[in-house]
Amino acid sequence: MSLLANSSPGTSAHYENNWLILAGFAFCALSAILVIIGRLYFLQLVRGEEFTQRSETNFIQKSRLSADRGFIYDSYGHLLLDNRPTLDVTITAAFVKDQKATLEQLATLLSLDEATIKSLGTKLRKLRGLDRFVPTLVKRDITFDELAKLENARMLAGLDGVDIEEGLARRYRYGNSAGHVLGYMNEIGPKELEQRKKSGQDYRQGDMIGRMGLESQYEELLHGKNGFRLNAVDSHGRRLRGLTGRKLLQGMISQHNPEPGESLIITLDIELQQAAEEAFREKGAIEGAMVVVDINTGYILAMVSLPLLDVENISGSPPPSFWQGLINNPYKPLLNRTIQEHYSPGSTYKPITALAGLKNGAITTKTKYHCPGFFTMGRSRWRCWNDWGHGSEDLHSAMKHSCDVYFYNVGAEIGLDALAAMAADLGFGKRSGLELGIRKAPNGRLLYDEQPGIIPTSAYRARTSGGYQKGDVVNNSIGQGDTNVTPLQLAMAYATIANGGTLLKPQLLLRTEDSHGKWHNLAHPIVRSKLAIAPEDLEAVVKSICAVVGEPGGGVYHRRSKKLNICGKTGTAQVIRIGRERIKKDEMEYQTRDNAWFAAFAPAEDPQIAVAVVNEHGGSGGSAAAPIAIKTIEAWYDLTLKRGTGLSWHKRWIMSGGEE
Amino acid sequence: MSLFARLLRIRWPLFFAVLAVCLLGIYNLESAARSTNPDLYLTQLLWLGLGVVTALSCALINYRFTRYFAYFIYGVISFLLVLTLVKGTPINGARRWINLGFMNLQASELMKVAIIITLAHYLSQHWVGKKMTLRELLRPLNISRPLAITAIIIFKLKAPFMLDPLGELARLTRKKLAAPPVPAEFLWFRITIILIITAILVTFIILRILSARRPDLVNPVSKSAVRLQIISASFIALGLSLYIVFTKSAFIRDPVAYILATFYRESGPGGVYEQFTPHYWLPVILFLLSAIYLILCLLLIRARGWQTQRDLIAPIDIIGLPALLILVEPDLGTTLIYLAIAGTMLLYSGVNRRSLAILFIAMVFGAGIAWMGILKDYQRQRITTFLDPEQDAKGSGYHSIQSLIAVGSGKLFGKGHGGGTQTQLRFLPEQHTDFAFSVWAEEMGFMGCLLLLFCYALLIALLLWTAYKAADAYGSLLCVGTTAFIFWHMVINIGMVTGLLPVVGVTLPFFSYGGSSLVTLWLTIGLTLSVSIPERFFDGAQ
């Protein structure tokens with residue numbers, strides 16, 4: 001032993017190791033290691049599968065491949081609605097350096113209003129974690145002008161986090177034409193999103209969804225099935241390209257192609273539709289509606305509602321001011337007047353009264369009534385439009401001259417309920433069943449967009465203020481009073497009269513076509529009911545309607561078409577109660593002017609189409625509505641001759657089973 | 001006997017067990033750092049070489065020499081810890097590293113060795129077979145406690161003085177200093193540090209040479225040894241003064257203003273001092289009290305002579321000062337490791353049951369106080385997150401969950417080297433340091449983990465065997481300290497990674513990346529290797 005060892009205290013001489021504690025340490029260490037092994041056993045072997053799955057979802061990002069939305073064609077193959085690529089501006093919170101400045105700059109570049117910027121700002125600030133790497137939409141479908149400005153600013157100021165992405169938008173090939181029928185799309189709301197997700201549909205925040213017309217009605221068909229692609233991403237959400245990414249996704253179905261939506265081929269004839277809209281425009285109509293329907297099939301050939309809806313600009317995300325403008329517009333452009341509005345039909349209702357009289361035996365085609373210019377019942381007196389009276393009139397002449405007194409008499413003979421029964425047989429007072437009129441909400445409930453109209457019965461009148469009175473029928477027999485019909489109902493009723501008494505269901509969808517060219521949902525004419533009336537009686541009524549245009553003395557004779565013979569009835573429906581003095585149209589306030597009606601079918605010799613036109617506050621039916629209808633019918637005639645398909649194209653198409 | 005003979009007698013299985021863990025660690029690092037810094041494993045290989053050399057040279061000298069400058073090393077590294085707080089490079093809000101230009105020095109790692117050596121030295125002096133009482137654990141009079149209080153006060157001031165006292169002073173005294181010559185300052189700073197380290201090495205060498213001829217040096221309480229310690233301490237003082245003199249002259253110009261400025265804070269640009277508010281004078285009074293206490297201690301030492309110095313230091317203080325300094329960095333993990341090492345060593349040297357119970361209760365209270373007063377918000381959040389990591393899966397629970405996913409998805413055989421998706425796609429946090437084990441578990445699976453754990457078990461067993469076989473209490477305590485160091489690091493790290501313990505920044509010994517840590521660990525292993533050499537091989541050396 002050296003000095004070194006001996007001289008220090010606590011050296012080996014006195015030292016005895018504490019072996020018990022050392023053994024205790026060894027035991028503790030061993031148990032700790034065993035605990036760790038136990039934990040690893042639990043994590044890696046018991047829960048290994050679960051963690052493996054979680055590690056995969058960690059790096060696999062499922063990105064959606066959106067299905068192309070189906071197109072819409074008219075029945076002659078004109079493309080009405082397809083998709084076009086858009087440029088959308090997005091912002092990614094994680095890459096933005098100075099959020100406030102960036103948003104301010106975007107506001108000036110893209111002319112966004114303050115509210116939009118504010119809500120965007122709060123949205124961005126709320127993002128946490130990896131969500132900050134997901135781009136947020138700033139503005140959809142920017143113009144090339146804005147693109148140029150934005151690119152310029154990006155070059156100069158950087159604008160970190162702002163990106164331009166490609167999207168899809170609907171392209172209306174014929175502008176606003178048939179806008180109410182085609183409808184529009186905009187962003188899905190949070191409630192609807194939830195409902196659609198619940199029913200297993202693939203939608204997510206920011207998706208566009210059909211909001212009106214066919215876009216909304218056939219959303220499921222048009223939408224198609226979205227596909228997906230798996231991407232390998234790192235912890236920052238950056239996509240791994242090349243070999244690393246491919247290796248990670250080995251053995252997985254990395255891509256599932258989307259199935260494009262089905263294309264709709266609709267019964268509309270866009271050229272006829274345009275002609276109809278043009279006819280309205282020429283007349284300077286502000287509000288109005290027109291339905292052109294094929295009488296043999298119930299297919300709707302044109303459907304106009306004025307004012308036209310600016311569908312091109314509604315689609316996407318228009319600024320709030322645009323929406324405010326639409327909602328506050330006194331002419332209610334969002335309304336599809338052909339089904340969503342009902343009016344007093346005025347004299348266009350007279351054939352229905354005539355048919356009711358004939359059916360009930362109250363009159364025959366030869367029955368005559370004297371028109372002194374007014375009609376009295378009890379102490380009440382109703383005026384004819386012609387204060388001097390028409391003299392003695394039978395059905396034919398009364399219809400031709402539109403003599404009110406004749407129909408007052410018929411109405412008084414048969415009573416209100418018999419009139420209502422005939423109206424019901426012709427489809428009034430109930431929804432026609434057009435697809436556009438019924439929507440199925442995501443929760444399965446049916447929503448009706450179509451007005452049923454009002455056909456008063458004695459029971460109905462009893463419920464209203466004043467109660468039922470015997471004289472109620474008088475007003476209603478000339479389409480005034482409580483009687484309210486939609487333009488579509490009127491067109492369908494005239495079609496029924498023209499085709500020999502078959503009430504058809506109006507239809508818009510001809511068929512759909514999937515991406516492989518296969519046809520689905522082929523439409524067939526659907527008969528709702530047959531009119532129970534003697535053919536010769538119907539013939540007499542048809543003849544009397546034809547006389548209005550076709551015979552000298554008829555209300556529209558001097559405006560008749562030079563190209564073909566048309567049968568039709570005018571109507572001038574009062575919007576307010578007439579005072580003692582008749583005043584001229586131009587002296588009246590716009591909102592109190594009469595609604596001008598014309599309902600027709602053509603050609604007279606072999607009817608093919610029925611038309612109902614209402615020109616709201618247009619004045620008299622003969623001058624404000626009939627020319628529009630006649631122009632449209634002429635256009636139809638010209639188009640048919642030009643195409644060489646023959647007049648009853650749709651009839652033959654259906655006969656051949658849709659093969660032609 | 002030649003050095004070579006000693007080299008043959010070291011416990012080679014221990015050496016190879018450590019080397020095995022290191023090599024597994026480097027293999028793992030090659031994959032873990034592939035996505036961020038693919039050459040990192042080469043750096044670690046270099047550190048491993050340095051570590052092995054350090055360990056073997058340590059093994060060859062007589063470990064008993066380290067006793068002579070135990071307190072000296074302790075003092076120097078305490079100074080480095082304070083410097084870290086003042087001059088450290090802040091990373092993620094914590095100052096843990098001193099930039100030396102060529103490397104980042106983590107003084108808290110070196111402190112672990114200092115604690116092991118100092119505590120082993122202290123406890124071996126009391127190795128009399130009798131269990132220590134609380135009175136012995138907490139000596140009534142000692143120097144380090146007031147020092148610690150002062151350190152806390154300075155920290156609690158949270159004034160800019162803490163971080164840059166000289167710059168603040170310049171602002172306070174309105175003596176407009178031009179933009180500080182940063183490069184020069186850093187140069188002097190580095191020179192100071194290097195000087196201090198050189199001082200340690202020189203002392204080491206002098207001791208080594210002198211030890212054979214001057215046996216009185218061997219007695220750590222002998223006059224010569226004390227003188228040596230004073231000389232070493234003066235090196236520190238020299239370094240400090242050099243630093244002050246050459247970096248800023250404000251202190252020299254107006255030392256009174258400098259000291260005053262430490263306690264008064266400038267409020268607002270007007271430069272009005274907030275004075276006489278409790279927030280500011282309370283620390284001043286505490287500081288003065290501890291200063292009086294310190295002077296009293298020094299007077300006592302002078303009156304009784306240096307022989308009584310062992311009565312002035314208590315084991316609690318040896319551990320308390322660095323633990324507090326580290327806690328304010330903040331570095332909760334390292335603080336816990338210090339306490340764990342010290343606790344293990346105290347347990348080994350023997351503490352009576354009553355004292356143990358009292359200490360335990362004090363610890364519970366201390367934890368409560370720490371929770372409320374000392375822990376930073378993020379540290380508190382980590383602990384609440386640990387209790388329920390899913391509550392904030394993308395926030396503070398993120399690390400914990402990602403690590404669990406990595407470990408769990410490894411299954412039996414793992415995803416293969418370099419095939420771990422969690423690792424390669426960087427879902428794991430700190431994957432080359434704190435979460436290195438997650439990488440290993442993911443890529444090597446359960447079997448790989450068993451292999452690694454077996455290596456650790458072997459390592460610990462061999463260390464405990466060395467402790468058992470050691471010739472004296474000091475050697476045995478060194479081994480136990482080293483065992484505790486490695487064991488607690490391993491348990492806390494793997495526990496954290498596998499979700500058994502909250503996330504604290506503790507590395508896996510020999511396995512995680514980190515130069516300071518690796519060299520420190522090898523240093524302690526070197527000491528234990530030296531302990532493993534039978535005593536007779538040192539007898540009559542030279």
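Reminder, nothing fancy here: chain letters follow the sequence lines and each chain counts from 1. Only this structure's heavy atoms are used, side chains among them; waters, hydrogens and symmetry mates stay out.
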Name the member of [options] that forms the most heavy-atom pairs with chain A at distances under 4.5 Å.
{"options": "B:Gly408, B:Gly414, B:Ala484, B:Ala470", "result": "B:Gly408"}
{"options": "B:Lys411, B:Glu442, B:Met490", "result": "B:Lys411"}
{"options": "B:Leu412, B:Val491, B:Leu463", "result": "B:Leu412"}

Check for a donor-acceptor pair, side chain of [X] on one end and backbone N or O of [Y] on the other, with a separation under 3.5 Å.
{"X": "B:Gln422", "Y": "B:Leu428", "answer": "no"}
{"X": "B:Thr423", "Y": "B:Gly419", "answer": "no"}
{"X": "A:Ser55", "Y": "A:Thr52", "answer": "yes"}
{"X": "B:Trp440", "Y": "B:Gly448", "answer": "yes"}
{"X": "A:Lys139", "Y": "A:Leu112", "answer": "no"}

Under a 4.5 Å heavy-atom cut-off, does chain A meet the side chain of [X], its backbone, both or neither?
{"X": "B:Thr344", "result": "both"}
{"X": "B:Ala441", "result": "both"}
{"X": "B:Phe437", "result": "side chain"}
{"X": "B:Tyr468", "result": "both"}
{"X": "B:Ile460", "result": "side chain"}
{"X": "B:Ile405", "result": "both"}
{"X": "B:Leu450", "result": "side chain"}
{"X": "B:Ala467", "result": "both"}

For chain B, the option from A:Val35, A:Ile33, A:Leu45 that forms the most heavy-atom pairs under 4.5 Å: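 That would be A:Leu45.
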A:Glu49, part contacting chain B, at a heavy-atom distance under 4.5 Å: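 For A:Glu49, backbone and side chain are both near chain B.
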Structural part of A:Phe42 lying under 4.5 Å from a heavy atom of chain B: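 Neither the backbone nor the side chain of A:Phe42 comes within 4.5 Å of chain B.
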Carboxylate-amine/guanidinium proximity below 4.0 Å for A:Glu114 and A:Lys118: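 Judged by the 4.0 Å cut-off on N to carboxylate O distance, A:Glu114 and A:Lys118 do not form a salt bridge.
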Test item: side-chain donor near acceptor, B:Ser403 and B:Ser438, under 3.5 Å: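 Their side chains do contain a donor-acceptor pair, which is all the 3.5 Å distance test asks for.
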Flag for A:Thr90-A:Asp88: side-chain donor and acceptor within less than 3.5 Å: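 Side-chain D/A pair, A:Asp88 to A:Thr90: absent.
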A:Glu50 atom CD, neighbour heavy-atom count above 12 within 6.0 Å: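 Yes, CD of A:Glu50 has more than 12 neighbouring heavy atoms, counting only those of other groups under 6.0 Å.
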